[in-house]
Peer 1: 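Pasting a structure below so you can have a look.
Whatever order the structure lists them in is the order used to number ligands and atoms, beginning at 1.
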Amino acid sequence: MEVMLAPVRDRSNLVLQQFISARKAKQAQIAVLIDPDEYRPGYLAHIVEQAHIGKVDYFFVGGSLVMGNEIHDCIHELKGLTNIPVVVFPGSPNQINEEADALFFLSLISGRNADLLIGRHVESAPVLAGMDLEVLPTGYILVDGGRPTTVSYISNSSPIPNDKPRIAQATALAGQMLGLQLMYLDSGSGAQHHVSLEIIKSVSSTVKVPVIVGGGIRTVEQARAVCEAGANVIVVGNAFEKDPELIIDMAQAVHNVHGVHSNTVSNQ
Ligand code: 1GP
């Protein structure tokens, strides 16, 4: 029997354009990562308040080991509290949520696990096709952060060594040639070390698409250094969970980074 899919809805690509414009303008941005496993009613109010003061650019919501259904309650509450774009950072297809503004459609291009390169995508595509949710084709590149993290364990894939910028560079280039619109360099939540500045520099100066960097960024100095190396967006989770007041200082430091040299973005 022939399977009929819903017609693909028209989407405006607003969030992707926001990433691209900031990279073109060489203006660094910051995302607050919300782990739905930490969510309980009332948890978000203070974080959102700090994010508004700091003019945070995005909220990312999700994780590789989300145990319950809290992600949907969490996104619902977040959308009621803020107009900052909410992007799902899904660990699995059951984290797809139509209330969010966009979703990273992640291909784990540093790994060789077919399920995370194409398998989950085949399962999710028909669901996403009928939704009014912006889909962001994203190359997800895991980099060794000094200790095994949930994402490296769950994805059953080896991260790229933190001192091998050429491997990261070739991986990101291949992702770009495959048509991916964003690159996400991640050393995993709670990593001992963030992605090395050499890797960030080599990737950001090679690809034309926006580069997002997360994992193990804990201090204002680290945030600044990562942006100066060429990260277009930094993502911070754990450090803000422990100290939501840090959001304001870190956002200010990130927004003060302009004009870092990186490859020119094509007019896509
Ligand atoms: C998001 O993994 C990062 O990509 C978040 O890491 O929780 O260590 O900030 P932290």
Peer 1: Can you list every pair that meets ring pair (Phe, Tyr, Trp, His ring centres under 6.0 Å) and has a residue in residues 21-51, with sequence neighbours left out?
Peer 2: none
Peer 1: Is a salt bridge present between Asp144 and Lys164, judged by a nitrogen-to-oxygen distance below 4.0 Å?
Peer 2: no
Peer 1: Please give me the minimum heavy-atom distance between Gly216 and Ser187, naming the atom from each residue.
Peer 2: N-OG, 4.4 Å
Peer 1: Can you run down the salt bridge (Lys or Arg N to Asp or Glu O under 4.0 Å) pairs that involve residues 113-128, sequence neighbours left out, and say none if there aren't any?
Peer 2: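 For residues 113-128: Asp115-Arg120.
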Peer 1: When the aromatic ring centroids of Phe104 and Tyr140 are compared, is their separation below 6.0 Å?
Peer 2: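 No: the rings miss the under 6.0 Å criterion.
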Peer 1: By side chain to side chain contact (heavy atoms under 4.5 Å, CB included), which residues pair with His72, not counting sequence neighbours?
Peer 2: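 Partners of His72 by the side chain to side chain contact (heavy atoms under 4.5 Å, CB included) criterion, ordered by chain and then number, come out as Asn69, Asn97.
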Peer 1: Please list, by chain and number, the protein residues whose heavy atoms come under 4.0 Å of ligand 1.
Peer 2: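 Residues Leu33, Phe89, Tyr184, Asp186, Gly188, Ser189, Gly190, Gly214, Gly215, Gly216, Val235, Val236, Gly237, Asn238 each place a heavy atom under 4.0 Å from ligand 1, listed by chain and number.
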